[in-house]
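Following: one structure in structure tokens, then a few remarks.
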Protein chains: 2
Amino acid sequence: MKTLVKDTTSDLSAQIASALRDAIISGHLRVDQRLPSEAELAEEFNVSRPTVREALKRLAAQSLIRTQRGAFGGAFINRIAFEDAYGQHVTTSTLLLSMNAVSFDVACEARFAMERACAPYAASRRSADHLATMRAEIHRQSQQGLSDESWCASDVAFHRALVDAARNPVLSYQLAGSVEAMQPLMNMITFTARNRETIISLHSEIADFLEICDSVAVEHRLNKLCDYTKTLAHDIIASKSKTK
Amino acid sequence: MKTLVKDTTSDLSAQIASALRDAIISGHLRVDQRLPSEAELAEEFNVSRPTVREALKRLAAQSLIRTQRGAFGGAFINRIAFEDAYGQHVTTSTLLLSMNAVSFDVACEARFAMERACAPYAASRRSADHLATMRAEIHRQSQQGLSDESWCASDVAFHRALVDAARNPVLSYQLAGSVEAMQPLMNMITFTARNRETIISLHSEIADFLEICDSVAVEHRLNKLCDYTKTLAHDIIASKSKTK
DNA sequence: AGACTTTTAAATGTATGACAAATGAAAACT
DNA sequence: AGTTTTCATTTGTCATACATTTAAAAGTCT
């Protein structure tokens with residue numbers, strides 16, 4: 001029987017989950033390796049099966065394991081795919097911003113700082129596909145009568161294409177949190193036709209300079225975009241406080 | 001009774017967790033608000049209490065809720081703190097790198113690209129405290145007989161101080177994943193005295209230029225550090241394949 | 001009346017036992 | 001040999017019971 005030497009403040013399922021998680025992170029358990037059955041784990045840790053199951057669900061929520069029913073089924077160490085991680089990262093980042101009253105400026109600054117970091121690689125590695133995606137989104141943004149929500153979604157898609165153009169999955173993963181998590185904040189802004197025009201022209205320039213591999217110019221336009229976005233947010237806040 | 005219209009492929013606890021998660025993210029449930037009791041949720045979703053508990057544990061694993069025992073206890077929507085998010089982010093990032101065979105170069109490139117993004121802000125906002133932390137770590141790195149593990153830990157501490165100097169919690173949070181997740185990869189490198197000397201001198205220069213607010217020079221040194229680290233890793237790989 | 005103690009109800013934490021459903025291997029059968 | 005059936009194993013779900021914690025409410029003493 002394995003004994004849990006962890007703190008006694010948390011419940012058993014948390015301690016068991018923690019023990020298993022440590023084993024996974026340390027590499028004692030390899031990818032696709034099968035964990036003991038729930039009944040065996042219950043005996044090992046000297047707890048009941050529901051308690052073991054609660055622990056396993058905690059790990060499943062982090063995509064650390066997957067489960068399969070039937071004979072020769074069980075819980076298997078999961079190879080975390082970038083796609084799995086995206087979702088969790090975006091969820092956490094979104095709530096971090098909305099719950100901690102992170103100011104628009106701080107979130108904006110972080111997002112564009114990281115996008116600028118992608119610019120040099122994006123400029124040298126962008127494919128025709130990436131450019132096509134960006135131009136398609138620019139075209140969508142130019143359409144009349146686009147709702148603010150759709151506009152923001154297209155904005156995210158444009159910037160994701162920019163980030164993906166750097167062809168570094170780690171950068172894409174990390175950036176996803178910053179870019180997508182800002183969408184709820186962006187949705188609070190009402191974009192006028194004039195606002196959109198300014199942003200679209202910057203988007204166009206970014207695509208153009210990316211095409212001719214001028215990363216310095218891209219970074220400059222990202223800076224302008226950052227400043228303009230912050231200005232818009234400030235105007236909204238100012239007009240709201242005036243109304244009140 | 002709430003009905004779950006989600007896919008029938010996943011189990012009930014996953015569906016219930018998903019439904020509650022959506023409610024939290026959408027803002028229908030506010031921070032510190034109490035969820036219905038497990039018994040009430042069981043009735044609402046028409047499932048048993050153990051199933052509800054599994055769903056709640058999934059949410060707890062993501063720090064979305066916290067539970068409290070006793071009368072007037074229950075599950076409460078949790079305000080995710082940056083510290084809570086750090087841990088999850090580092091865990092996920094670490095496993096992403098180790099399980100997906102992300103090359104050292106790709107991880108290194110992402111990490112230093114993001115650090116460079118912090119440089120301008122760090123240069124203009126660094127406090128005496130940040131500089132002191134960095135110099136303290138440099139001093140530690142200069143000590144004879146420091147184990148490779150301690151060396152790497154100090155390296156992480158140095159770079160975290162650099163990132164924190166930008167005074168943007170969102171950047172610090174995002175960077176934590178890239179910087180700390182690389183530690184296992186870095187631990188595979190054996191640092192000779194000569195290697196360390198080179199790195200320490202770059203660290204010193206970074207601290208110096210940060211002190212005089214020269215962000216361009218800092219970025220340049222970060223680039224050199226990135227290149228040198230990659231060179232070290234290549235040498236290790238080359239010598240290993242030669243031995244084999 | 002006020003401060004302290006006890007009771008009590010409500011909620012989560014844990015255990016036990018049972019059955020359903022899925023699944024792949026082995027056995028039985030063509 | 002190929003197909004079908006059986007079967008043991010394992011997860012998914014439910015029902016019930018009890019332990020433990022907690023804070024409010026009731027009771028008690030000064």
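The chains referred to below are lettered A, B, ... by the order of the sequence lines, with proteins before strands, and numbering in each begins at 1.
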Selection from dT20(D), dT11(D), dA15(D) that lies nearest to any side-chain heavy atom of S48(B)
dA15(D)
Students often mix this up, so state it plainly: with edges at 30° and 60°, are the rings of Y86(A) and Y173(A) parallel, tilted or perpendicular?
tilted
Result for side-chain contact (heavy atoms from CB on, under 4.5 Å) between V156(B) and one of Q183(B), E137(B), M182(B) points to Q183(B)
Send over the distance from E38(B) CD to dA15(D) P, rounded to a whole Å.
15 Å
Of the listed nucleotides (dT11(D), dT13(D), dT23(C)), which one gets closest to any side-chain atom of A71(A)?
dT23(C)
What about R49(A): does its side chain form a donor-acceptor pair under 3.5 Å with the base of dG17(C)?
no
Q174(A) side chain reached by H89(B) side chain, heavy atoms, under 4.5 Å:
yes
Tested for side-chain contact (heavy atoms from CB on, under 4.5 Å) against R66(A), the lone hit among I77(A), N78(A), L59(A) is N78(A)
How long is the line joining CD of E43(A) and C1' of dT10(D), in whole Å?
16 Å
Grab the CZ-C1' distance between F72(A) and dA25(C) for me, whole Å please.
6 Å
Consider the side chain of P50(A), meaning its heavy atoms from C-beta on, and name the nucleotide among dT14(C), dA9(C), dT16(C) that approaches it most closely.
dT16(C)
Got a second to check how far C118(B)'s SG is from R167(B)'s CZ, nearest 0.5 Å?
14.0 Å
Please list residues of residues 52-65 of chain B whose heavy atoms come under 4.0 Å from any atom in DNA chain C, ordered by number; otherwise none.
R53(B), K57(B)
Round to the nearest Å and state the distance from Q68(B) atom CD to dA24(D) atom P.
11 Å
Provide, to the nearest angstrom, the distance between the CG atom belonging to L41(A) and the P atom belonging to dT11(D).
8 Å
Do any N or O atoms from the side chain of R79(B) and from the backbone of M99(A) form a donor-acceptor pair under 3.5 angstrom?
yes
May I have the distance from R69(B) (atom CZ) to dT21(D) (atom P), rounded to whole angstrom?
5 Å
Measure from CG on L12(B) to P on dA22(C) and round the result to the nearest Å.
12 Å
